[in-house]
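This report concerns only the one structure given below.
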Amino acid sequence: MEEGIAEICPVCKGAGFVHPALDSGKVDFSRVVPCRCSKGELRKKKTEYLGKYSNLGSLSQLTFDNLSPRGKAAGAISQDRFAQVYQAAKAFADNPQGWLVLLGPAGSGKTHLACAIANHRLKLGEPVFYIAAADLLDHLRSAFSPNSDTTYDELFEQVKNVPLLVLDDLTLGSATAWAKEKLEQLLNHRFNTRLAAVITTDAPLERIDERLRGHLIDSEFCRVYTIEQRTPLESKSSLKLELLRNMTFDNFDHKRMDLPPDQRENLRMVFNGAKEFARSPEGWLIFQGVNGCGKTHLAAAIANYRLAQGKPVLFVVVPELLDHLRSTFSPDSKISYDEFFEKLKETPLLILDDFGEQSTTPWAQEKLYQLINYRYNARLPMVITTCLSLEEIEPRISSRMVDPRISLVFNITAPDYRGNVKSTRQAKRY
C-alpha cells in the first residue's frame, strides 16, 4: 500500500469504510471513516431510516412549500394572524427550542404546520417523531399484548426521549384516568428534561387539564399560538353554499320600488338594523317574515360581513343542525355529541336560519331550548330567522326572544320577492 492512500476504494471492494490518513501522510489504522464513495449511500440509508422512524407516513407531503403563508381564511385579520404563526413555525423548525403549542379548530392548518416542522427537520437529517395523541394511547395499550412487536417500555421511552416530538391533537377532556396519567408522565418528563416538542390541540387553553396547563403557560419554555380560522361547525355551515356566500348588504334591494311606502319603510328599517348589528353584534336579532321576504339574505349578509372582518361566526340552517346533532350519536361520528353541542353553544356569533316547524318534536324542542337558554343566560349574540309568529314558537323559547333587554324583533312585512320576479318575467313574455 502506498503511503497516504488509506486502502483500495470500497466501490471496488465493497468495504464501505477506510482508515483515514494522518497529516503526516501515514495511515491511521486505529480509526475507520466512511469512504467518499459510500457517503452518498450512507446518507440515503440515514434518510430512509429517519423517515421510517419519524412515523409521518403520508404526512411527509405536508411542507412549508405547499402551505399558504397566510392560510385559507377570507378575513384579513385571520390571514395576518396565521402569517405570524407560519413565521413562528418556520423559525422553530430551524432551531427547535422549548415547546411550540398550536391551538385551533379542525381545518385551521395546525397539523400541516406541525408536520411541516417535522419534515424540515428530516430534510436537515435530524430525528423527529410524529404521533397523534389518540394513536399513541392505542399503541401503548396494544404494547401490553403478548403478540406485540414493540414492548410498552420501548415505545414509551422512544416517545419520551426523541429530540423533537410532534404530538398532534392532544385532548384530555374525555380521556380516561389511565390515558391522562400516561400523557402527563410523557409531557412532565419532556418538560423537566427540556426536550423540544410541537403540540397541537383544538381545546382552548383554559379547558386543558390544570396540571398540563401549568407547563403550557410557562412563557420561558413554551410559545402558544392560537389559529382562528374556522371551527368544526363552520365546515358544516350553510355559508359554504355559493348562493349564501354571495348574499351581502351591497346586493340586497332594500328600496324595492314595487312595494307600497309602508312596506318599503319597514324594509329600510330592517336593513339598517341588520347593518348596525353586523358592525357590533350585541344581543339578539330576530327576523320574522314569509319565505322570500329577505330575512335569510340579511342574516347571511351579517355573517359575510363578520367573516370579512376576520371574526368567527357560525351560520346554520336549523333542520340541518338538528340532523347533525342526531348524527353525532353514530359510532362513526368524528365529533362527540357533547363536544359538538358545547362548541355550538359557545360560538361567538350564532345565526340560526329557518327556525320553524321542524322544532315541534319533543327532542328537537329540548335541544333548541338548551341551546337558546344557554346563550340567553350567557348573553351571547345570535341572529334567528323564522316564518313563524312568536305565538307559534314554544313558549320557553319565545319568551326569551321577546325579552327587550337582549332581543330586537323585526317583523318583515314585505312579500316574497321571488313572486314579484316571477310576475315580472311572465309580463315580459306577453
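All heavy atoms count here, side chains included; hydrogens, waters and symmetry mates do not. Note that the coordinates shown come from a computational prediction; the quantities given were computed from them, not determined experimentally.
- Under the side-chain hydrogen bond (donor to acceptor under 3.5 Å, both in side chains) criterion, Arg396 pairs with Glu366, Glu394, sequence neighbours left out.
- Legend: residues meeting side-chain contact (heavy atoms from CB on, under 4.5 Å) with Thr193, ordered by chain and number and at least two apart, are His189, Leu195.
- Remark: Ala118 engages Leu56, Val128, Val166 in a side-chain contact (heavy atoms from CB on, under 4.5 Å) (not counting sequence neighbours).
- In terms of the side-chain contact (heavy atoms from CB on, under 4.5 Å) criterion, residue partners of Ala93 (sequence neighbours excluded) are, by chain and number, Phe64, Ile117, His120.
- Taking both residues in full, the closest heavy atoms of Pro415 and Leu259 are given as CD-CD2, 3.5 Å, listed atom of the first, atom of the second, then distance.
- A donor-acceptor contact closer than 3.5 angstrom links the side chains of Glu157 and Asn161.
- In terms of the ring-ring contact (aromatic ring centres under 6.0 Å, His included) criterion, residue partners of His254 (sequence neighbours excluded) are, by chain and number, Phe271.
- Residues satisfying the side-chain contact (heavy atoms from CB on, under 4.5 Å) test with Thr248, not counting sequence neighbours, are Asp250, Asn251.
- By the salt bridge (Lys or Arg N to Asp or Glu O under 4.0 Å) test, Glu392 is found to be paired with no residue, residues two or more places apart in sequence or in another chain being considered.
- Under a 3.5 Å cut-off, the side chain of Asp94 and the backbone N or O of Ala91 do not form any donor-acceptor pair.
- In terms of the salt bridge (Lys or Arg N to Asp or Glu O under 4.0 Å) criterion, Glu276 has no residue partners (sequence neighbours excluded).
- Contact between Met401 and Leu390 at its shortest, heavy atoms only, is SD-CD2, 4.0 Å.
- Remark: Lys123 pairs with no residue by the salt bridge (Lys or Arg N to Asp or Glu O under 4.0 Å) rule, at least two apart or across chains.
- Closest heavy-atom contact between Ser398 and Ile393: OG-O, 3.7 Å.
- Applying the ring-ring contact (aromatic ring centres under 6.0 Å, His included) criterion to Phe277, with sequence neighbours excluded, gives no partner residue.
- Not counting sequence neighbours, Asp135 has no partner by the salt bridge (Lys or Arg N to Asp or Glu O under 4.0 Å) test.
- Taking the ring axis of Tyr86 as reference, the NZ or CZ atom of Arg70 does not stay both within 45° of it and closer than 6.0 Å to the ring centre.
- Heavy atoms only, all atoms of each residue included: Asn95 and Arg121 are closest at N-NH1, 4.4 Å.
- Listed by first then second residue, pairs satisfying side chain to side chain donor-acceptor pair (under 3.5 Å) with a partner in residues 402-415 read Asn266-Thr413, Tyr376-Asp403, Tyr376-Arg405, Asp403-Arg405, not counting sequence neighbours.
- The two atoms that bring Gly289 and Lys295 nearest to each other are O-NZ, 3.0 Å, heavy atoms only.
- Between Gln263 and Ala414 the shortest heavy-atom distance is OE1-CA, 4.2 Å.
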